[in-house]
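Note sheet for the following structure.
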Amino acid sequence: MDENDRAAYFAQLGPGSSVDHRGTEFTAELLQRLLDAVRDPGDGSLVFATARFTEAVFTGPVDFTNAAFRGAWFDKTRFDGEARFRAARFGDAAHFAQARWAQEAADFRSTRFGTNADFHHANFEAGAWFDSAEFQSGARFTRVTFGGSTRFKKARFGDNTSFEKVRFAATADFGKAVFGSGARFTRSSFAARTRFAGTTFAQNAHFDEASFERTELLGPVVCGGSLDLKSAVFSAPVIVSAAARAFLCKGTHWEARAVLHLRYATIDLTNSVFEYPLSVSGQDAAFSGADEAVLAGCDPHVAVSSLSGADAAHLTLSNVDLRHCGFIGTIHLDQLRLEGHCRFAVTPEALQHRGWRPTVWTSRYALVEEHYWRAAQGAAGWQPGPGGKYPPSPAALAPVYRQLRKSFEDSKNEPDAADFYYGEMEMRRHDRDRSWAERALLHVYWAVSGYGLRALRAGSCLMAAMAVTTVLLMLWGLPQDSSKPQTVGTVSGGRFVAITDTPDPVNPAGPLRERWNGKRFDKAVQVTIKSVAFRSSDEKLTTRGTYIEIVSRVVEPVLLALALLAVRNRVKR
């Protein structure tokens with residue numbers, strides 16, 4: 001246009017006009033004339049109906065501060081100088097797809113976007129400022145590159161915000177930002193320090209396959225749904241503080257030391273890789289500067305749902321709930337460190353029935369996988385497994401119990417280690433692939449002493465054995481009468497020869513009821529008590545009584561030892 005036509009064009013514009021400058025190259029002077037043409041003379045604000053600047057080039061500074069757009073298209077636009085959209089207001093359309101800010105950081109502070117803010121493939125070479133910006137819904141930053149420092153502090157995002165495959169080459173700050181449902185940072189790359197201090201996600205937040213190259217502190221983050229870090233990579237030492245319903249770390253790769261401080265969350269560490277020590281701890285107190293209102297009414301305790309496929313050699317768990325944790329498939333489980341109060345599933349207590357047979361269960365720690373297996377066998381009171389999933393076999397559970405037992409023993413926690421020894425022996429006893437002789441021996445070991453861990457059972461068996469021994473001795477072991485020494489002499493010539501001998505005990509005769517008397521009971525009890533102490537009595541016994549005493553001297557001391565061993569296992573430090 002020549003100057004006359006250009007002047008005529010600007011003269012027809014006014015506040016609220018639509019403009020179409022696709023492909024136009026704007027100098028600072030030309031842009032100023034355009035802005036003056038749509039400026040509201042009352043308050044001096046810029047007012048556009050629709051503004052189309054697709055593939056436009058702004059060679060000088062751009063100032064759309066406080067501008068209002070019913071719809072704006074800046075697709076493939078290039079900003080060579082400073083670009084300000086501070087406190088601007090966009091209607092339902094704000095398109096900056098493939099736009100490029102070459103030298104200065106883009107300023108979108110306090111800007112308000114409608115339902116479709118599209119920045120996909122945009123390039124902010126010097127970074128961008130979106131502090132206190134508001135996005136109604138559908139904000140799209142897919143494949144955006146932020147070359148310089150970027151801030152979204154106190155920004156508010158509606159539902160379905162996408163930062164997928166974004167490259168943050170410098171510091172990224174999302175402090176105090178608020179996201180609606182469906183926030184996605186999938187496959188994004190954070191090359192420098194990243195801040196999410198006080199950030200809130202109303203529902204799920206996806207960071208799956210994201211990479212954190214130099215992030216040292218992540219959080220505290222509050223998430224009303226699941227915080228998804230599946231297959232994410234942390235390359236530097238990091239401290240993560242998060243309050244979420246679920247904390248998903250399936251396949252997450254931790255290349256340096258990491259500390260996870262969690263609240264409310266159920267964490268899944270399936271197939272995670274820990275190259276250096278990683279600590280997961282449940283926090284009792286709320287995180288400073290975090291608003292946990294989206295989690296009101298939820299249980300703040302932290303639980304672990306699975307360690308399957310993870311290498312626990314560098315893993316420490318503190319103050320977490322392991323009642324529903326799957327351990328099968330965990331590598332180096334014997335090197336797992338448990339600190340603080342870690343809760344395991346327990347067996348059902350009191351009297352249970354399996355068919356016609358009553359069974360008394362003593363409370364002990366048990367794996368949730370054992371619950372699944374026993375419930376599948378029809379045992380009452382055990383937690384059934386997930387629908388459609390076949391429970392693990394005793395052969396698969398026995399080594400898991402063994403490794404956890406060793407972990408407790410290495411930490412000098414002998415009483416709790418005893419429960420996992422009991423679980424290991426139970427799985428061996430029920431393993432049908434083992435020989436019948438071994439299983440029979442384990443059944444006897446279980447029945448008489450609970451594998452040397454049930455003092456009451458061993459003591460009861462000892463009392464029963466002593467009672468049986470006493471009865472047998474009274475009925476058949478003690479002779480009819482006490483044998484008294486007899487002297488028999490012969491006279492031969494002038495020489496007298498005397499021989500003193502005790503006659504063989506005479507087996508008791510007569511009805512059995514006649515053998516029940518206080519005198520025989522007293523003698524039988526003395527013989528039995530001496531047998532428990534592995535001592536031989538001085539009482540003369542019948543042949544049957546001798547064998548009864550021999551068996552008693554073998555069985556009863558063993559039962560006594562098992563009872564003492566059970567007590568020792570419960571009080572051992």
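For D291, the salt bridge (Lys or Arg N to Asp or Glu O under 4.0 Å) criterion is met by no residue, not counting sequence neighbours. Considering only residues two or more places apart in sequence or on other chains, D63 meets the side-chain contact (heavy atoms from CB on, under 4.5 Å) condition with T65, R84. With sequence neighbours left out, T50 forms a side chain to side chain donor-acceptor pair (under 3.5 Å) with S18. By the side chain to side chain donor-acceptor pair (under 3.5 Å) test, S110 pairs with no residue at all, sequence neighbours left out. Annotation: ring pair (Phe, Tyr, Trp, His ring centres under 6.0 Å) contacts of Y276 (sequence neighbours excluded): none. Under the side chain to side chain donor-acceptor pair (under 3.5 Å) criterion, K230 pairs with D228, not counting sequence neighbours.
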Donor-acceptor pairs are to be reported for all side-chain atoms of residues 51-60 against protein atoms at under 3.5 Å, with residues two or more places apart or in another chain.
from	atom 1	to	atom 2	distance (Å)
T59	OG1	F26	O	3.0

Hey, can you pull the donor-acceptor pairs under 3.5 Å for the side chains in residues 37-46, sequence neighbours left out?
from	atom 1	to	atom 2	distance (Å)
R39	NH1	G44	O	3.0
R39	NH2	D36	OD1	3.3
D40	OD1	G42	N	2.8
D43	OD1	S45	N	3.0
D43	OD1	S45	OG	2.7
D43	OD2	S45	OG	3.4

Discussion item. One pair to check against salt bridge (charged side-chain N to carboxylate O under 4.0 Å, His left out): E29 and R6. What are the steps and the verdict?
Written reply: CA-CA 13 Å; E29 179 186 0; R6 187 177 298 158; over 6 Å; no

Practice prompt. Decide salt bridge (charged side-chain N to carboxylate O under 4.0 Å, His left out) for E292 and R245; before the verdict, give the C-alpha distance in whole Å, the side-chain angles of both, and the deciding distance to 0.1 Å.
Written response: CA-CA 11 Å; E292 299 181 355; R245 291 179 185 269; over 6 Å; no

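Sorted by first and then second residue, the salt bridge (charged side-chain N to carboxylate O under 4.0 Å, His left out) pairs with a member in residues 139-150 read D118-R140; sequence neighbours excluded. The list of ring pair (Phe, Tyr, Trp, His ring centres under 6.0 Å) pairs with a residue in residues 214-233, not counting sequence neighbours, is empty. Legend: side-chain hydrogen bond (donor to acceptor under 3.5 Å, both in side chains) pairs involving residues 192-201, not counting sequence neighbours, sorted by first then second residue: T194-T215. Within the structure, side-chain hydrogen bond (donor to acceptor under 3.5 Å, both in side chains) pairs that include any residue of residues 94-104 comprise R100-E125 (at least two apart or interchain).
S308 and T270 share no side-chain donor-acceptor pair at under 3.5 Å.
Aromatic ring centres of F130 and F141 lie closer together than 6.0 Å.
Note that CZ of F85 is 8.5 Å distant from OG1 of T111, once rounded to the nearest 0.5 Å.
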